[in-house]
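Only one structure is covered here, and it is reproduced in the block below.
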Amino acid sequence: MDDLRVRFAPSPTGVLHIGGARTALFNYLFARHNTGKFILRIEDTDKERSTKESVDAIINGLTWLGLHWDEGPFYQSQRTELYKQHVDQLLKEGKAYRCYCTPEELESKRTKALSEKRKPIYDRTCRERTDHPEGKPYVIRFKSPMYGTTMVKDMVKGNILFNNEELEDFVILRSDGSPTYNFVVVVDDVDMHITHIIRGDDHLNNTPKQIFLYHAFDYPVPQFAHIPLIHGTDKARLSKRHGATSVEAYREEGYLPEALVNYLVRLGWSFGDKEVFTLQEMIDNFSFDNISKSAAVFNPEKLLWLNATYIREKSAEQLLSLLEPFIKARGLMDCLNSLDRSNLLKLIDETKIRSRTLLELLDMMDYYFKTDVVYDEIAAKKLFTQEKAVYLQAMLTRLSGIEDFSQKHIEEAIKSYATESGLKLGDVAQPLRLAVTGRTVSPGLFEIIEILGKERVVKRVFNAIEYMKTNHGQNIG
RNA sequence: GGUCCUAUCGUCUAGAGGCCUAGGACGUUACCCUCUCAAGGCAAAAACGAGAGUUCAAAUCUCUCUAGGACCA
């Protein structure tokens, strides 16, 4: 098994979507598990739809996910000579032939066959033709076997038998001289010495045709693994209308690559009851024995949970560096540099268990970056009342009086005030939280007061009291 | 339309004839903890698509149907 070679062969016609990413992942894991080689091949023969941006998206996406390839990227667009040679070879060996039937002729044959309830496959008119009409356009067709059966041995689906009579003499070279998909795939896989083909099961029906070509090239048929597709909630193949489906989108929303990889590996693959895997654990345990045969519905909730799990396991330092691109994007870099770093790290530690994405994490710490607190409107109406203004005034005095502004002393000050005034802690804590963060939800109040520091807290409580004075009219009753 | 694939809680799955009163995870709900929200803890509700057969015994094997999906046109 030491010569095992697999490939991921996407078409660069859009973003790297999570279905493709999962196919790449399974290829990667299989290669690493078996100490084989993982090859990246860009199938950009469709010049109309292939773009450089899309190639970049694929490469960046795979790199971000940590799915490193050993060879490539190879580009089909740079290999046209190779395909031409192989067409010529098949032609010379009598394994393919020129077909001069016009599209109109083929169409009428089709409709006729259909009306007579026959299979609408090409009737092989030109198969034994020997003349070469000058100047007449032609396609090149492969001479498929007309009888017998072809067995696809699949590591996921088992043995699948196809009846050769169902298959036609398919086109390998179009009239414009461009080779077709089934043909170039096989030429490349032969040329790259691919031993195992792991791809979506949407290719299953193409496989017998490709097996014909392997035979024609006298190349041992690779092992196949057709993995089930990913579906949306409506059980249809996952597409844009199901929401974010690109790897890039998840990156921008603050997902961690290890979370996405972990989620994708469990979509269709399992290892007992285990849910959380390191990449090494995936590599160690991966096998096609425990891949499921049916399509899996993509569940964003579970991905979110996994992402939260991974965020929680990161250190504050790690999270801060992960947050940097997001901080930069919001133009908060200057702000970051002017703030106390150790306090920010403490805040990250307090906030990370409440965040499911990096974006959420940053959002939940906005009050730390901002100079002026913006109050949640509904909460302000409810909590910034005359009665609460009294509490805040008292807290302003007490907090200002603390020499050693530590969590312990802050807690004592707030709790003793509540007790002395016969109040529940929440009665004081909630308006105070709103004053200091602008929110009703935050990490522990005593912790964040210490983290923000005496100066900022005192100023914020003072500002809140001022706000209540100027807006008190609407807050009465 | 033809060919092919698939079928366990809402979702991801465990399950390879008796360990199944069907296990785990996400989500949902209740409770505990609690200054809010999370996290954590502890519970609960929730599934073998239908029908025949094989067998002492079927989620597991066979067949039919049904439903989804993919490919080709």
Side-chain angles (χ1 to χ4, degrees), chain A residues 106-107 109-111 113-115 117-122 150 152 154 156-158 160-168 170 181-182 199-209 226-238 262-276 289-309 311-313 349-356 360-361 364 376 379 383 410-411 414-415 417-418 423-434 436-437 439-449:
Chain A
L106 293 171
E107 184 52 37
K109 280 175 189 171
R110 266 201 69 232
T111 24
L114 243 29
S115 69
K117 301 230 157 108
R118 286 185 288 114
K119 290 183 178 64
I121 64 171
Y122 178 58
T150 300
V152 176
D154 194 274
V156 178
K157 309 267 184 181
I160 303 156
L161 208 55
F162 288 86
N163 212 324
N164 291 347
E165 287 163 44
E166 304 288 343
L167 280 3
E168 64 178 344
F170 53 94
Y181 169 77
N182 282 318
R199 63 191 359 170
D201 70 6
D202 48 338
H203 291 288
L204 194 53
N205 286 309
N206 285 326
T207 309
K209 290 180 189 172
H226 285 96
I227 59 178
L229 300 177
I230 301 176
H231 283 183
T233 327
D234 58 356
K235 308 270 185 183
R237 183 186 189 152
L238 199 65
N262 196 151
Y263 178 72
L264 290 177
V265 83
R266 279 289 288 103
L267 210 54
W269 178 79
S270 61
F271 190 71
D273 286 340
K274 196 168 164 61
E275 293 287 349
V276 181
D289 296 341
N290 31 27
I291 290 246
S292 76
K293 295 178 178 186
S294 54
V297 174
F298 184 78
N299 181 354
E301 286 293 322
K302 187 161 182 181
L303 170 57
L304 217 41
W305 168 76
L306 263 174
N307 203 53
T309 305
I311 284 180
R312 248 177 279 140
E313 283 172 4
D349 264 328
E350 293 294 331
T351 312
K352 70 180 184 184
I353 57 166
R354 288 155 234 263
S355 324
R356 296 178 301 176
E360 275 185 18
L361 177 58
M364 290 180 88
D376 179 281
L383 290 171
I410 293 160
E411 182 168 351
I414 296 171
K415 280 191 172 163
Y417 171 71
L423 297 166
K424 283 187 286 184
L425 188 53
D427 295 333
V428 188
Q430 278 307 84
L432 194 51
R433 170 176 281 115
L434 184 64
V436 167
T437 68
R439 303 163 162 271
T440 53
V441 169
S442 82
L445 184 62
F446 317 128
E447 286 88 340
I448 52 170
I449 287 181

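We name chains A, B, ... by the order of the sequence lines, and we start the count at 1 in each one. Basis for what follows: all heavy atoms, side chains included, without hydrogens, waters or symmetry-related copies.
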Exercise. Counting only heavy atoms not in A:F271, do more than 12 fall under 6.0 Å of its CZ?
Worked result: no
Exercise. Quick one: do A:R237 and A:D202 make a salt bridge, cutoff under 4.0 Å?
Worked result: yes
Exercise. Of A:L303 and A:D202, whose nearest nucleotide on RNA chain B comes first from the 5' end?
Worked result: A:L303
For this session: Let me know the distance between CD1 of A:I227 and C1' of B:A70, rounded to the nearest Å.
Result: 14 Å
For this session: Report the residue (A:F271 or A:L425) whose heavy-atom-nearest nucleotide on RNA chain B is the more 5′ of the two.
Result: A:F271
Exercise. With both distances under 3.5 Å as the test, what is the Watson-Crick or G-U wobble partner of B:U62?
Worked result: B:A52
Exercise. In whole angstrom, what separates A:D273's CG from B:G15's P?
Worked result: 9 Å
Problem set entry | Separation between the C1' atoms of B:C31 and B:A45, rounded to whole Å | 15 Å
For this session: Determine the interatomic distance between C1' on B:G41 and the same-named atom on B:G49; round to the nearest Å.
Result: 38 Å
Exercise. Going by distance alone, is a donor N or O of one side chain under 3.5 Å from an acceptor N or O of the other, for A:N290 and A:S270?
Worked result: no
Problem set entry | Complement of B:C37, any strand, by Watson-Crick or G-U distances under 3.5 angstrom | none
Exercise. Once you round it to whole Å, what is the distance between C1' of B:A39 and CD1 of A:I353?
Worked result: 4 Å
Exercise. Does A:E275 pair with A:K302 as a salt bridge, N-O distance under 4.0 Å?
Worked result: yes
Exercise. Considering Watson-Crick and G-U wobble pairs with both distances under 3.5 Å, what does B:U29 pair with?
Worked result: B:A43
For this session: Provide the distance between the two C1' atoms, one in B:A59 and one in B:A50, to the nearest whole Å.
Result: 14 Å
Problem set entry | Interatomic distance at C1', B:C5 relative to B:G10, whole Å | 24 Å
Exercise. Atom CG of A:L445 to atom P of B:U34: distance rounded to whole Å?
Worked result: 17 Å
For this session: Assess the pair A:Y122 and A:F170: is the distance between their ring centroids shorter than 6.0 Å?
Result: no
For this session: Return yes when atom NZ of A:K424 has more than 12 non-hydrogen atoms of other residues, nucleotides or ligands closer than 6.0 Å, and no otherwise.
Result: no
For this session: Could you let me know what B:C71 is paired to, Watson-Crick or G-U wobble, both distances under 3.5 Å, or none if it's on its own?
Result: B:G2
Problem set entry | Whole angstrom value for the distance that separates P of B:U36 from CD1 of A:I449 | 15 Å
For this session: Summarise how protein sits on nucleotides 3-13 of chain B as a single string, 5' to 3': B when a protein heavy atom is under 4.0 Å from the base, S for sugar-phosphate-only contact, - for no contact.
Result: BSSSS---BBS
For this session: Nearest 0.5 Å please: distance from the CZ atom of A:R199 over to the CG atom of A:L229.
Result: 12.0 Å
Exercise. Applying the side-chain contact (heavy atoms from CB on, under 4.5 Å) test to A:W305, which of A:N307, A:T309, A:L303 qualifies?
Worked result: A:T309
Problem set entry | For atom CG of A:N262 and atom P of B:C26, their distance in whole Å | 13 Å
Exercise. Taking atom C1' in both B:G51 and B:A43, what distance in whole Å separates the two?
Worked result: 38 Å
Exercise. With a non-hydrogen cut-off below 4.0 angstrom, is A:H203 in contact with a base, only sugar-phosphate, or nothing?
Worked result: nothing
Exercise. Within a radius of less than 6.0 Å around CZ of A:R356, do more than 12 heavy atoms belonging to other residues, nucleotides or ligands occur?
Worked result: no
Exercise. Roughly, in whole Å, what's the span from CZ in A:F170 to P in B:A73?
Worked result: 12 Å
Exercise. On a whole-Å scale, what distance lies between the P atoms belonging to B:A14 and B:G23?
Worked result: 15 Å
Problem set entry | Integer-rounded Å distance: B:A38 P and A:L361 CG | 17 Å
Exercise. So what does A:P228 touch, heavy atoms closer than 4.0 Å: a base, only the sugar-phosphate, or nothing?
Worked result: nothing
Problem set entry | Spacing of the P atoms in B:G17 and B:C33 (rounded, Å) | 48 Å
For this session: Please work out if A:R237 contacts a base, only the sugar-phosphate, or nothing of the nucleic acid, heavy-atom cut-off 4.0 Å.
Result: sugar-phosphate
Exercise. Taking the same atom, P, in B:G15 and in B:C9, what whole-Å distance lies between them?
Worked result: 16 Å
